[in-house]
Amino acid sequence: MKSSQQVLLTKKIKALCEELNGHDYRYHVLDRPIISDKAYDDLLSELRSLEEKHPELLTPDSPTQRVGGTPLGKFEKLRHRTPMLSLQNSYNTEELVEFHQRILKLLDNRDVKFHYLCEPKFDGLAIELIYENGLLTGALTRGDGLVGENVLANVKTIKSIPLRLHSKNPPKLLEVRGEILIYKEDFKNFNEALQEDGQLTFANPRNAAAGTIRQLDSRVAAQRPLKMFAYALGASEGTNYKTQLEIETAFKDLGLPGLDSREGGKASPRLCQNIEEVIDYYNFVESLRHDLPFDIDGIVVKINELDLQDSLGFVARSPRWAVAAKFQPEQAITRVNEIIVQVGRTGALTPVAIMAPVKVGGVTIIHATLHNQDEIDRKDVRVGDSVVIQRAGDVIPEIVSVLLDKRPKKSVKYEIPKKCPACNSLTNKEEGEVISRCINSLCPARLKESLKHFVSRRAMNVDKLGEKQIEQLVDVGLVHSFSDIYKLKREALMALERKGEKSVENLLASIEKSRQSTLARFVFALGIRFVGEQTAKDLAHHFKTFELFEKTTEEELLEISGIGPRVATSILNALKTKVFIDDTHRTIKHLVFEKARVLASKALSNKSFLVTGTLPVKRDQAKDLVESHGGKILSTVGKNSNYLIVGSDPGSKLDRANELNIPVLDWPGLLKLIKDGQ
Ligand code: IVH
């Protein structure tokens, strides 16, 4: 028997889950959020702390379960209940007409009226979501069409996918097929962040989506901007759909993401009466292809009536009732004149092909990244080769293939040099990595890149210090480190080639302006590997001062949400590096951080506090007081909490603290602790 308290709690947890799932749907599917991120986070932490206290009440559709804890060893292989087929392709409107004629022929002697449902062909990867009695219980990749891999843990991190269908009476079984993809804009940002962190970049949004879905650690997937569109039904029990359109409408009613929502609306599915209308739709979608926020490579044409689909059946591995009408890819042919190697600030060597300029989709292209040696080997790109290029995700130029019959006779395989092209030091490739790195932390190329990052707009924002100037300053030996920027003197700058008085004044003024900054910007500017802008903000928010940050421990870093072992190790390595930390100290002397808290004392440093109940002062004031003496306020009770500050009418944190033997303080007790510690 459940106690009445348990019944209440169960209800509370259920209500919180429903509320949060509703907000996810409004935000990620409808694009119409009604609460702030902060309010959402508060609800989520309330739910999380209730679930921590009562793990027996945790449900699989709880929004806290979107990110799994431990990485998987490998994916489970599962057989599709009905095979996932592919589509026949057609490449122009004539072939579409031929498809239509084949259908008419197959329906010979039968006077049947039918329609085509047309929609964009998404350029992502196919997925099958399995809902049993409304609950998401599996997510299979296509695999070989018969057996796929269960990537449920990663799919759950996609917030637009409902963990439970929106229905009081869901079908016993519903397999939803659709496409997982990454928006072009998201891809660009995310790939840039990878590049900045010296990590492997992806050639296009499709590869990025596929690589993410096959991640064994769902925490990595959760950081990536995956989206999904549902477009077809797999096996089902307890449904009675008559048409393809009915299926796709039902999907939307069940809370699944479809094309009508968000920006894809312009290219939403269209029911066509005849093949002429299909061709109109094909031309229409092709014309707005580049305005869509995601990549498509054609349209898919499906007979709308399901009974007709059934009677037409399949040939080989494709249905007779559907066809993919592909668009002409926007490609061009050019020649690789040279392959150069760029050195990033983390030392990563990136090979880049320099090509004879050529226009693709209205943009002139000169270089394309070749990513790493594995990519070069796979495509076997050589200097002198004629290559087919295209713009991946309409943005990034990519070499698609080499025209082997045009290869010059004496060409040789390209190998990334074993020595850094900038400083001649040996490079290193760690086991399991594909990127070689220059390990010389004083390498001028690395220094230049680090400085470019340091002064960039979102970091220290020294807007008058451009890339060319940095290169010049390093080359003439005026700047060897971050702190040197703040020591630049008018006379030395004036002596530089092509520097007028005005531009020197402007430069000095912009350096002066950058001294007023924030701890978050500074931490980001340092360019610690894996510490992007958001992580820097989280660190600054947590530590408040650089002194506290530099004394941190692995344990403490891992407590900060969003920081995993890889990031923590990288931070600790940087903080241990003497040249780095010495220069950081020299630099910080020139800076003034806004809102940097001057500590009243260190009486509470290294101690963490929780607050429950009503105190004699406002909650924020209590928090400020603790923080101004170097203490930290936590939101949930854990083994690492040092004290619980208790006011009147304490909440559940008190029970939890008692269970964990965490010392309890009242308000006068806290004041005494501060006094004693000073
Ligand atoms: S319906 C019998 N609709 O195209 C297959 N597929 O070659 C029914 N695709 O692997 C599939 N957009 O990943 C359908 N709107 C769409 C699609 C679509 C992309 C992909 C799908 C499949 C491939 C078939």
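For ligands, and for the atoms within them, numbers begin at 1 and follow the listed sequence. All figures in this text were calculated on a predicted structure; none of them were measured in a lab. The first residue of the sequence shown is numbered 1, and numbering continues consecutively from there.
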(request) With rounding to the nearest 0.5 Å, note down the distance linking CG in Leu174 to CG in Asn133. (result)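 Nearest 0.5 Å value for the CG-CG distance: 11.0 Å.
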(request) Drop me the distance from Tyr116's OH to Lys302's NZ, to the nearest 0.5 angstrom. (result)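 So the OH of Tyr116 and the NZ of Lys302 are separated by 14.5 Å.
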(message) For the residue pair Arg289 and Phe327, would you count it as a cation-pi contact if the rule is NZ or CZ under 6.0 angstrom from the ring centre and within 45 degrees of the ring axis?
(response)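 No, a cation-pi geometry is absent between Arg289 and Phe327.
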(message) Which protein residues come within less than 4.0 angstrom of ligand 1, counting heavy atoms only?
(response)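 Ligand 1 pocket, heavy atoms under 4.0 Å: Leu85, Ser86, Leu87, Glu119, Pro120, Lys121, Phe122, Ala126, Arg142, Glu179, Tyr231, Val300, Lys302, Pro319.
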(message) Would you say NZ of Lys113 has more than 12 non-hydrogen atoms from neighbouring residues, nucleotides or ligands within 6.0 angstrom?
(response)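 Counting other residues, nucleotides and ligands, NZ of Lys113 exceeds 12 neighbours.
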(message) Other residues, nucleotides and ligands only: do more than 12 of their heavy atoms fall within 6.0 Å of NE2 on His166?
(response)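 Enclosed.
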(message) For Arg102, is there an ion pair with Glu98 - N to carboxylate O distance below 4.0 angstrom?
(response)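 Arg102 and Glu98: not salt-bridged.
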